[in-house]
Number of protein chains: 2
Amino acid sequence: MVSKSPPPDIVIGRLPIYLRALEALSAEAQEITSSYELGERLGISSAQIRKDLSHFGDFGKQGTGYEISFLIEQLRQILKLKERWVVVVVGAGHVGQALVNYRGFNEHGFDIVGIFDKDPVKVGKPINGLVIRDDQELPAVLNEYRVRIAMIATPAVAAQEITDVLVNCGVKAILSYAPTMLSVPADVRVQYIDPVASLQHMTYYLNRD
Amino acid sequence: MVSKSPPPDIVIGRLPIYLRALEALSAEAQEITSSYELGERLGISSAQIRKDLSHFGDFGKQGTGYEISFLIEQLRQILKLKERWVVVVVGAGHVGQALVNYRGFNEHGFDIVGIFDKDPVKVGKPINGLVIRDDQELPAVLNEYRVRIAMIATPAVAAQEITDVLVNCGVKAILSYAPTMLSVPADVRVQYIDPVASLQHMTYYLNRD
DNA sequence: TAGATTGTTAATCGATTAACAATC
DNA sequence: TAGATTGTTAATCGATTAACAATC
């Protein structure tokens with residue numbers, strides 16, 4: 001266990017992947033695994049897995065490997081997943097609605113407590129137990145639930161304005177589906193999901209037949 | 001212009017981001033930009049932008065900068081975006097349906113020619129001009145259109161099986177929304193979109209209040 | 001010309017891998 | 001004990017940044 005500089009962000013980003021693989025192994029009723037086996041599954045070297053984990057503690061046993069249930073709990077603790085988090089969705093187009101309907105968030109501890117849109121035609125429509133609310137109600141809901149996490153599914157032009165509202169009301173983590181870069185203070189994290197950019201990344205390698 | 005080893009994949013991944021920013025500038029009727037201005041917009045150093053572009057050619061002019069429309073065309077050529085690409089979607093749950101409804105793909109040269117599901121209840125349902133077809137028709141459609149790009153929006157358990165079918169029928173690029181790692185031959189590219197993992201990455205940095 | 005900005009080199013920084021003593 | 005696998009160190013590899021001559 002090293003304890004100097006903070007763990008690199010790129011390492012933090014891999015922990016959810018490790019967690020997911022461990023949960024899959026656990027679901028197969030396996031109890032012990034090794035950095036080698038995990039690496040095989042994920043296409044990552046065993047050395048990297050051991051090094052990544054070593055930033056946070058000594059979780060394995062020489063000659064044996066890692067107890068899966070124990071390592072799962074450790075990773076959940078490191079990633080602050082032992083509590084549930086409330087989340088809002090801004091933008092109630094097809095993407096926003098798909099997010100509200102997706103069961104994976106709830107299954108992994110994220111509770112969507114509101115979905116918002118500025119279009120009066122959409123406001124009032126029920127989706128999976130929620131009702132689309134007007135953007136103007138956003139601050140009230142953010143404050144009421146002490147929301148720290150938001151997902152943005154608006155058009156690109158609206159995203160920065162919404163971001164400013166979110167940041168003003170204490171949101172510290174934003175997952176954005178809007179195809180534009182957001183400006184936020186240093187203490188706010190942003191992750192982007194951009195399927196078009198992902199496709200464009202891959203077309204580079206395609207050969208025209 | 002350097003011309004040795006192939007450009008790093010991480011550089012390729014930034015090109016779509018540069019392209020998007022340039023298109024935004026172009027939409028604002030701006031004609032010239034600099035690596036500094038672009039970097040400001042994207043939160044990337046100007047040196048990195050110049051270095052990235054230098055892998056592919058000399059696109060700028062000393063003292064002036066880059067002609068936006070010219071650089072856009074160069075990037076579109078590098079990324080093979082001068083032609084349109086056909087794409088299929090496998091899995092017609094909320095995510096798959098949102099993908100078919102999303103206008104961004106068509107606007108950026110990707111034509112979704114089919115959406116598939118194995119659930120007989122869903123098969124036959126129309127979505128945005130397409131009709132959900134049975135998974136079993138997948139090979140015929142892949143061959144008919146010579147599809148090279150697929151998006152997977154199935155549950156995790158079905159994703160590998162679908163991947164094998166796709167790869168067998170000549171698909172070379174897969175964008176997967178299924179929360180599992182896929183095994184593919186070396187000549188097939190895979191990109192993953194995992195909103196839960198993205199949220200879990202950010203919760204690490206959140207403080208419980 | 002004077003000012004601005006490129007493309008490139010070299011230096012720096014950071015991440016990954018290989019190797020192995022420690023030890024279960 | 002013999003075999004296996006960890007955690008860690010050092011070496012390697014790769015990416016980013018700083019700096020500047022070239023030049024528009």
Side-chain angles (χ1 to χ4, degrees), chain A residues 1-18 21-22 25 30-72 74-75 78 181 201 204, chain B residues 1-18 21-22 25 30-72 74-75 78 181 201 204:
Chain A
M1 160 96 186
V2 193
S3 60
K4 289 178 290 185
S5 48
D9 183 64
I10 197 166
V11 172
I12 309 299
R14 281 193 292 262
L15 299 186
I17 308 302
Y18 299 162
L22 290 162
L25 286 167
Q30 193 170 325
E31 293 182 356
I32 303 279
T33 189
S34 66
S35 59
Y36 178 79
E37 181 182 47
L38 216 42
E40 280 288 297
R41 288 228 174 188
L42 295 173
I44 291 179
S45 78
S46 61
Q48 177 159 89
I49 290 173
R50 293 197 301 280
K51 183 131 229 286
D52 284 354
L53 295 177
S54 78
H55 285 97
F56 305 96
D58 293 359
F59 302 131
K61 233 183 226 166
Q62 281 108 323
T64 307
Y66 300 91
E67 200 199 324
I68 291 170
S69 63
F70 175 74
L71 188 50
I72 286 174
Q74 294 300 311
L75 288 175
I78 292 162
M181 289 293 159
H201 182 162
Y204 174 84
Chain B
M1 157 100 189
V2 192
S3 61
K4 289 180 288 188
S5 47
D9 183 65
I10 197 165
V11 172
I12 310 299
R14 282 193 291 264
L15 299 186
I17 308 303
Y18 298 162
L22 289 163
L25 285 168
Q30 193 170 323
E31 292 182 356
I32 303 278
T33 189
S34 65
S35 58
Y36 178 80
E37 181 182 46
L38 216 42
E40 280 288 297
R41 288 228 174 187
L42 296 173
I44 291 178
S45 77
S46 63
Q48 177 159 89
I49 290 173
R50 292 198 302 279
K51 183 134 229 288
D52 284 354
L53 295 177
S54 78
H55 286 97
F56 305 97
D58 293 0
F59 303 130
K61 233 183 226 164
Q62 281 107 323
T64 308
Y66 300 90
E67 199 198 325
I68 291 171
S69 63
F70 175 75
L71 188 50
I72 286 175
Q74 293 300 310
L75 289 175
I78 292 163
M181 289 292 161
H201 182 163
Y204 174 83

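Convention: sequence-line order gives letters A, B, ...; per-chain numbering from 1.
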*Does any nucleotide pair with dA19(D) by Watson-Crick or G-U wobble geometry, both distances under 3.5 Å, and what is it?*
dT8(C)

*On DNA chain C, nearest-nucleotide positions of Ile10(A) versus Thr64(A): which is more 5'?*
Ile10(A)

_From CD1 of Ile68(A) over to C1' of dT5(D), roughly how many Å is that when rounded to an integer?_
15 Å

*With a 4.0 Å cut-off on heavy atoms, is Ser35(B) in touch with a base, just the backbone sugar-phosphate, or nothing at all?*
sugar-phosphate

*Under 4.0 Å between any heavy atoms, over every strand shown, what does Tyr36(B) touch: base, sugar-phosphate, or nothing? Just pick one.*
nothing

*asked:* Rounded to whole Å, please give me the gap between CD1 in Ile49(A) and P in dT8(D).
replied: 16 Å

*asked:* Could you tell me how far apart Arg50(A) (CZ) and dT8(D) (C1') are, to the nearest whole angstrom?
replied: 10 Å

_Taking every non-hydrogen atom, the tightest pair across Leu22(B) and Ile68(B)_ = O-CG2, 3.6 Å

*asked:* Would you say that Tyr66(A) contacts Arg50(A) through its side chain, given a criterion of any heavy-atom pair below 4.5 Å between the two side chains?
replied: yes

*Could you tell me the separation between the CG atom of Leu71(B) and the P atom of dT6(C), rounded to a whole number of Å?*
11 Å

*OP1, OP2 of dC24(D) versus side-chain N and O of Tyr66(B): anything below 4.0 Å?*
no

*Name the residue closer to the 5' end of DNA chain D, choosing between Gly63(A) and Ala47(A) according to the nucleotide with the nearest heavy atom.*
Gly63(A)

*Between His55(A) (NE2) and dT9(D) (P), how many Å, whole number?*
12 Å

_Using Watson-Crick or G-U wobble geometry with both distances under 3.5 Å, which nucleotide pairs with dC24(D)?_
dG3(C)

*Answer yes or no: does a side-chain N or O of Gln48(A) lie under 4.0 Å from OP1 or OP2 of dT16(C)?*
yes

*dC24(D) P sits how many Å from Glu67(B) CD, rounded?*
16 Å

_Using every non-hydrogen atom in the two residues, find where Arg14(A) and Asp52(A) come nearest and quote the distance to one decimal._
NE-OD2, 2.7 Å

*Look only at the side chain of Glu67(A) and the backbone of Ser69(A), and say whether a donor-acceptor pair between them is shorter than 3.5 Å.*
no

*Given dT16(D), is OP1 or OP2 found less than 4.0 Å from the side-chain N or O atoms of Ser45(B)?*
no

*Which nucleotide in the set dT16(D), dT5(D), dC24(D) lies at the smallest distance from any side-chain heavy atom of Lys61(B)?*
dC24(D)

_Can you measure Leu53(B) atom CG to dG7(C) atom P for me and round it to whole angstrom units?_
7 Å

*Check the distance between dC20(C)'s P and Lys51(A)'s NZ and give it to me in whole angstrom.*
18 Å

_Ala21(A) to Leu42(A) - nearest heavy-atom pair and separation_ = CB-CD2, 3.9 Å

